[in-house]
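Just below is one structure, and these are the notes that go with it.
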Amino acid sequence: MPELAEVETVARGLRPLVGRRILGVRFGKTDFIADPRRLASLLPGTRLVTVSRRGKLLLIELEREAAAAKERGEGLWLLIHLGMTGQLVLREPSEPSAPHTHVWFSLDDGRELRYVDIRRFGRMRLATAEELAAIVAPLGADPLEVSEEEFRRRLGASRARVKSILLDQGVLRGLGNIYADESLWRARIHPLRRGAELSGEELARLWRAIRSVAREAIRLRGTSVSDYVDANGRPGSYQKRLRVYRRAGQPCKRCGRAIERIVVAGRGSHFCPQCQPAHRARANRRGAGKRKKPLGS
DNA sequence: AAGATTACCTGAAGGC
DNA sequence: TGCCTTCAGGTAATCT
């Protein structure tokens with residue numbers, strides 16, 4: 001699934017396109033595109049200026065031709081979210097299109113950038129600078145840039161299950177189910193624990209675990225367990241490093257106990273019952289619901 | 001009103 | 001063989 005490491009890898013694969021022009025766009029199904037006619041009218045003739053990533057969101061900055069840019073001085077961004085099964089791949093126009101290809105961008109170097117998405121959970125839209133600011137405003141901290149202090153503050157302020165918190169893009173941007181499970185295993189924290197009940201030591205372990213998992217996943221160009229490939233159609237290799245994700249019933253790499261799978265936040269959650277104990281201490285949570293003081297302030 | 005659950009979508013896999 | 005159900009998880013919408 002495209003999480004931060006996969007989107008980062010796709011962004012890096014597209015970066016050589018900076019300077020290229022989009023000559024035209026063709027569409028298949030468009031129900032995942034905010035305003036396909038706007039793309040059809042504005043994209044042709046634009047030049048790619050930057051390719052970047054914000055969480056799981058891919059940002060392609062475009063520059064209009066001098067004449068068109070005059071009417072509105074501001075920039076234009078093509079925003080693409082890959083959802084679950086979205087792929088952006090560079091192909092020669094002569095190559096047959098994969099099933100579920102829904103957008104074809106023709107480029108001035110003769111190639112095509114194709115958007116493929118089996119389930120169409122992805123999203124695509126154009127945005128002005130103002131619209132872009134509003135879209136990224138709700139996103140939380142970057143997992144690789146957040147300080148340990150801010151991380152502890154954000155996680156410790158929530159009574160939700162820690163697994164849910166890690167998946168919340170408003171807290172940390174870019175983590176998905178795979179890296180959330182892998183990070184919790186590394187930090188030896190049970191997915192059902194609540195953010196506010198984690199000790200300072202546990203939060204510190206989790207902060208470090210997320211950083212090392214994210215760095216390693218980017219280095220290995222992402223995880224390919226089902227559909228993910230990069231801009232050149234190549235899979236990543238972090239799947240070889242997975243310790244718990246989709247390993248239910250198999251032995252823990254640390255202690256040998258069978259990995260278990262439960263559902264948290266509607267997601268399959270994999271953990272080691274030995275390494276990741278469900279309770280910090282002898283928790284008698286009777287009366288815990290009476291707490292009324294919100295933490296902080 | 002934060003936190004939990006469900007809907008969207010298609011293909012793979014398992015049951016009978 | 002083939003039909004049916006379940007599962008996979010990105011976010012948005014809906015519930016409690």
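Please read all numbers here as calculations on a predicted model, not as lab measurements. Here is how names work: the chains are called A, B, and so on, in the same order as the sequence lines, proteins then strands, and each is numbered from 1. Scope of the values below: all heavy atoms of this structure, side chains included, with no hydrogens, waters or symmetry mates.
The nearest whole Å value for the distance from the CG atom in Leu58(A) to the P atom in dG10(C) is 17 Å. Atom CG in Leu4(A) sits about 14 Å away from atom C1' in dG10(C), given to the nearest Å. For the pair Arg123(A) CZ and dA12(C) P, the interatomic distance rounds to 8 Å; values are reported in whole Å. At whole-Å resolution of the value, CG in Asp181(A) and P in dG10(C) are 10 Å apart. Remark: C1' of dA8(C) and CD1 of Ile262(A) are 17 Å apart, rounded to the nearest angstrom. One interatomic measurement links the two molecules: CZ of Arg119(A) to P of dC7(C), which rounds to 14 Å at whole-angstrom precision. In this structure, Asp117(A) places its CG atom 13 Å from P of dG10(C), rounding to the nearest Å. Put simply, CG on Asp227(A) is 13 Å from P on dG10(C), counting in whole angstrom units.
By the side chain to side chain donor-acceptor pair (under 3.5 Å) test, Arg15(A) pairs with no residue at all, sequence neighbours left out. Remark: Arg257(A) engages Gln274(A) in a side chain to side chain donor-acceptor pair (under 3.5 Å) (not counting sequence neighbours).
Mapped onto DNA chain B by nearest heavy atom, Ser164(A) and Arg267(A) fall at different nucleotides, with Ser164(A) at the one closer to the 5' end. Heavy-atom nearest nucleotides on DNA chain C were determined for Lys56(A) and for Arg261(A), and the one closer to the 5' end corresponds to Arg261(A).
Membership of the apolar cluster around Leu144(A) extends to Ile218(A), as traced through chained side-chain contacts below 4.5 Å between ILVMFWY residues. In the hydrophobic clustering, Val229(A) connects to Val89(A), Val116(A), either directly or through intervening members, whenever side-chain heavy atoms lie under 4.5 Å apart. Through chains of ILVMFWY side-chain contacts below 4.5 Å, Phe271(A) is grouped with Leu192(A), Ile262(A), Val264(A).
Residues of residues 172-179 of chain A that place a heavy atom closer than 4.0 Å to DNA chain C, in numerical order, are Gly176(A), Asn177(A).
Across all strands shown, Arg246(A) has heavy atoms under 4.0 Å from sugar-phosphate atoms exclusively, and none from any base. Using a 4.0 Å heavy-atom criterion, one finds that Gly86(A) contacts no nucleic acid atom at all. Across all strands shown, Tyr245(A) has heavy atoms under 4.0 Å from sugar-phosphate atoms exclusively, and none from any base. Nucleic acid contact for Lys163(A): none, since no nucleic acid atom lies under 4.0 Å from a heavy atom of the residue.
For Ser97(A) (side chain) and Thr101(A) (main-chain N/O), no donor-acceptor pair under 3.5 Å exists by modelled atom type.
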Which donor-acceptor pairs under 3.5 Å do side chains of residues 48-57 of chain A form with protein atoms, sequence neighbours excluded?
residue	atom	partner	partner atom	Å
Thr50(A)	OG1	Glu61(A)	OE1	2.9
Arg53(A)	NE	Glu8(A)	OE1	2.7
Arg53(A)	NH1	Gly55(A)	O	2.9
Lys56(A)	NZ	Leu175(A)	O	3.0

Exercise answer: donor-acceptor pairs, residues 19-26 of chain A side-chain atoms, under 3.5 Å, sequence neighbours excluded:
residue	atom	partner	partner atom	Å
Arg20(A)	NE	Asp108(A)	OD1	2.6
Arg21(A)	NH1	Gly45(A)	O	2.9

Can you give each donor-acceptor pair under 3.5 Å made by side-chain atoms of residues 244-252 of chain A, sequence neighbours left out, with the distance rounded to 0.1 Å?
residue	atom	partner	partner atom	Å
Arg247(A)	NH1	Arg243(A)	O	2.7
Arg247(A)	NH1	Pro251(A)	O	3.2
Arg247(A)	NH2	Pro251(A)	O	2.9

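Direction of the helix axis in the helix from dA2(B)-dT16(C) to dC16(B)-dG2(C) shifts by 60° between the two five-pair termini, rounded to 10°.
The salt bridge (Lys or Arg N to Asp or Glu O under 4.0 Å) analysis of residues 116-125 of chain A, with sequence neighbours excluded, yields the pairs Asp31(A)-Arg120(A), Arg119(A)-Asp227(A), Arg125(A)-Glu131(A).
The two atoms that bring Val146(A) and Arg211(A) nearest to each other are O-NH1, 3.9 Å, heavy atoms only.
Just one residue in the list Leu58(A), Asp230(A), Val103(A) forms a side-chain contact (heavy atoms from CB on, under 4.5 Å) with Leu88(A), and that residue is Leu58(A).
First and last contacting nucleotides of DNA chain B toward chain A (any atom under 4.0 angstrom from a heavy atom, 5' to 3' order): dG3(B) to dG11(B).
Contact between the side-chain N/O atoms of Gln169(A) and the OP1/OP2 oxygens of dT11(C) is found at a separation under 4.0 Å.
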